Amino acid sequence: MAMKSKVLIVGGTGYLGKRLVKASLAQGHETYVLHREEIGVDIEKVQMLLSFKQQGAHLVIGSFNDHQSLVKVVKLVDVVICAISGVHIRSHQILLQLKLVDAIKEAGNVKRFLPSEFGTDPARMENAMEPGRVTFDDKMVVRRAIEEAGIPFTYISANCFAGYFLGGLCQPGFILPSREQVRFLGDGNQKAIYVDEDDIATYSIKTIVDPRTLNKTVYIRPPQNILSQREVVQIWEKLIGKELLKSSISEQEFLAIMKEQDYAEQVGLTHYYHVCYEGCLANFEIGDGAEEASKLYPEVKYTTVEEYMTRYL
Ligand code: NDP
């Protein structure tokens, strides 16, 4: 029988966080969810927390403004997973995690910490463009704090959340696929990797009790989901039984339009640039000191791009 752990999820009401709570419960871990007092009368969040409790999770009160409250909740568990926000068009709070790192350091009992990463590996983005590089820089600041404190970790590089990238046929600013037209970013041939957010959560929870993932980066690369924008569009066209009207946006045009947007939009567009024009997710081999999730956990039946896209029919 697989080992069970006591797991604290911070940011459990978030887009990814709620899936981590679900996956942790599904894999039989004793699951604690941080209930931050600051959420006040946010009825949706409170109702979500209550539904976690009904499903067997423990709600624990704590605040990023109260160090001792964080230490107290961290002491209850063996594993901490943080899914605090890190998308500028929603909210970006990555550096707040430094407070959580301090609490984990003081508590001294945590056997594994998964910080809020779940995207492009920030260690590979030293030359990323402004202003989007802030995401990678901040995640690296958190990594350094974790490693300096000697906290055991796993970093999850989850590649593209399917909801954003497949939903919009890899076009920034769209999260529902058109049945009429699509604009390729450049030639549309750079490969990227798309992962169902529920699968990201399942794989992430699998790593927490796995000695093979200790102090390593785990990339999630489901082999059938390594596709170019053109290939994603072909899958969609097959599903709807119709060809889309196609155009493309050159790199220069994309960068010029980007400069006219507000800061939060520019951050997101920078990320699309690195993924879709440079192919930053799939243009390297996974080296020593890192692992790939679908190889580690072949028992997980991941959602293919085609299966994922049927939800939009
Ligand atoms: P959300 O924007 O959904 O936020 C998650 C949680 O952050 C919230 O539920 C909240 O937790 C917490 N939070 C927000 N503001 C504060 C604050 N001021 N103080 C404390 N906590 C706060 O996050 P996502 O799920 O979108 O992002 C999670 C991670 O996934 C990030 O690292 C992000 O970069 C990454 N990501 C990757 C993508 C990809 O394509 N690879 C796409 C999107 C995100 P609560 O209120 O519950 O305490």
Side-chain angles (χ1 to χ4, degrees), residues 8-23 32-52 57 59-66 69-70 73 80-100 103 114-122 125 132-143 155-168 170 172 175 192-201 203-204 219-221 225 264 267-272 274-276 280-282 308:
L8 170 68
I9 317 268
V10 177
T13 60
Y15 180 68
L16 184 66
K18 63 180 179 233
R19 294 173 166 85
L20 289 163
V21 174
K22 191 176 121 200
Y32 294 73
V33 184
L34 184 72
H35 173 179
R36 297 187 309 113
E37 281 158 345
E38 293 82 6
I39 69 176
V41 291
D42 186 332
I43 190 73
E44 295 281 9
K45 283 196 175 188
V46 171
Q47 291 293 319
M48 197 188 295
L49 288 168
L50 291 173
S51 82
F52 294 152
L59 305 184
V60 284
I61 300 264
S63 168
F64 276 85
N65 300 322
D66 177 354
S69 76
L70 288 184
V73 295
V80 178
I81 306 178
C82 185
I84 205 164
S85 54
V87 175
H88 281 71
I89 53 165
R90 287 163 64 75
S91 149
H92 174 81
Q93 301 292 344
I94 293 300
L95 288 181
L96 257 188
Q97 290 181 102
L98 294 174
K99 296 188 179 191
L100 186 58
L114 275 58
S116 191
E117 291 239 348
F118 309 108
T120 305
D121 179 1
M125 300 306 289
R133 62 170 302 134
V134 63
T135 309
F136 312 123
D137 290 344
D138 285 1
K139 287 181 176 178
M140 287 307 287
V141 169
V142 175
R143 281 192 184 192
Y155 303 138
I156 306 290
S157 176
N159 295 307
C160 298
F161 282 16
Y164 286 99
F165 282 80
L166 296 181
C170 311
I175 51 170
I193 305 162
Y194 314 93
V195 194
D196 181 334
E197 294 82 345
D198 285 307
D199 293 340
I200 294 173
Y203 285 126
S204 300
Y219 297 92
I220 308 182
R221 286 187 170 184
N225 292 6
V267 169
L269 289 173
T270 312
H271 298 169
Y272 273 83
H274 289 298
V275 170
C276 300
C280 70
L281 299 179
Y308 191 91

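When a ligand or atom number is given, it counts from 1 through the structure's own listing order. Only this structure's heavy atoms are used, side chains among them; waters, hydrogens and symmetry mates stay out. What you see is a predicted model, and the numbers here were worked out from it, not measured in a lab.
Residue contact check: Y15 has heavy atoms under 4.0 Å from atoms 3 (O), 25 (O) of ligand 1. Interface of K139 with ligand 1, defined as ligand atoms under 4.0 Å from a residue heavy atom, comprises 32 (O), 33 (C), 34 (O). Atoms of ligand 1 lying under 4.0 Å from any heavy atom of I94, numbered from 1 in the order shown and given with element: 32 (O). Using a 4.0 Å cut-off to heavy atoms of G119, the atoms of ligand 1 that qualify are 41 (N). Within ligand 1, counting atoms from 1 as listed, the ones closer than 4.0 Å to a heavy atom of F64 are 20 (C).
For ligand 1, the polar-atom distance check finds an N/O of F161 within less than 3.5 Å of one of the ligand's N/O atoms. Of the polar atoms of Y164, none of the N or O atoms is found under 3.5 Å from an N or O of ligand 1, judged by distance alone. Distances between N or O atoms of I39 and those of ligand 1 include no value under 3.5 Å. The shortest N or O to N or O distance between N159 and ligand 1 is under 3.5 Å. When only interatomic distances are considered, the shortest N/O to N/O separation between R36 and ligand 1 falls below 3.5 Å. Considering backbone and side-chain atoms alike, F118 places an N or O below 3.5 Å from some N or O of ligand 1.
Taking atom 7 (O) of ligand 1 as the reference point, the nearest protein heavy-atom neighbour is S85 N, 3.0 Å. The shortest contact between atom 15 (N) of ligand 1 and any protein heavy atom is with Q93 CG, 3.5 Å. The protein non-hydrogen atom at the shortest distance from atom 13 (N) of ligand 1 is I84 CG1, 3.8 Å. Ranking the protein heavy atoms by distance from atom 9 (O) of ligand 1 puts T13 OG1, 2.7 Å first. The protein heavy atom nearest to atom 11 (O) of ligand 1 is G11 CA, 3.3 Å.
Side-chain atoms of T13 do not come within 3.5 Å of backbone N or O of K45 as any donor-acceptor pair.
A donor atom on one side chain and an acceptor atom on the other are not found under 3.5 Å apart for T120 and H271. Under the 3.5 Å distance criterion, with hydrogens and angles disregarded, no donor-acceptor pair is assigned to the side chains of Q97 and S116.
Within the set S91, G14, A162, S116, the minimum heavy-atom distance to atom 31 (C) of ligand 1 is found for S116. Around atom 43 (C) of ligand 1, the closest heavy atom drawn from I89, V87, L96 belongs to V87. One option in E117, K45, R90, E197 has a heavy atom closer to atom 8 (C) of ligand 1 than any other, and that option is K45. Selection from S63, G17, A83 by nearest heavy atom to atom 6 (C) of ligand 1 gives A83.
Contact annotation: the side chain of L70 approaches that of L34 to within less than 4.5 Å [non-hydrogen atoms, C-beta and beyond]. Annotation: side chain of V46 is in contact with side chain of L50 (closest heavy-atom distance under 4.5 Å). At least one side-chain heavy atom of S63 sits less than 4.5 Å from a side-chain heavy atom of E38.
Atom NZ of K22 has 12 or fewer neighbouring heavy atoms from other residues, nucleotides or ligands inside a 6.0 Å radius.
In this structure, F165 has its ring center under 6.0 Å from that of Y272. Ring centroids of F52 and H35 are separated by 6.0 Å or more, keeping the two rings apart.
A cation-pi contact links R143 to Y155, judged by a cut-off of 6.0 Å to the six-membered ring centre and 45° from its axis.
Note: F136 and H274 have perpendicular aromatic rings, judged against thresholds of 30 and 60 degrees for the angle between ring planes. Using the six-membered ring where Trp is involved, F161 and Y164 have ring planes that are tilted, between 30° and 60° apart.
With a 4.0 Å cut-off on non-hydrogen atoms, E38 does not touch ligand 1 at all. For L16, heavy-atom contacts with ligand 1 shorter than 4.0 Å involve the backbone as well as the side chain.
Among D138, V267, V87, the one residue that satisfies the side chain to side chain contact (heavy atoms under 4.5 Å, CB included) test with H92 is D138.
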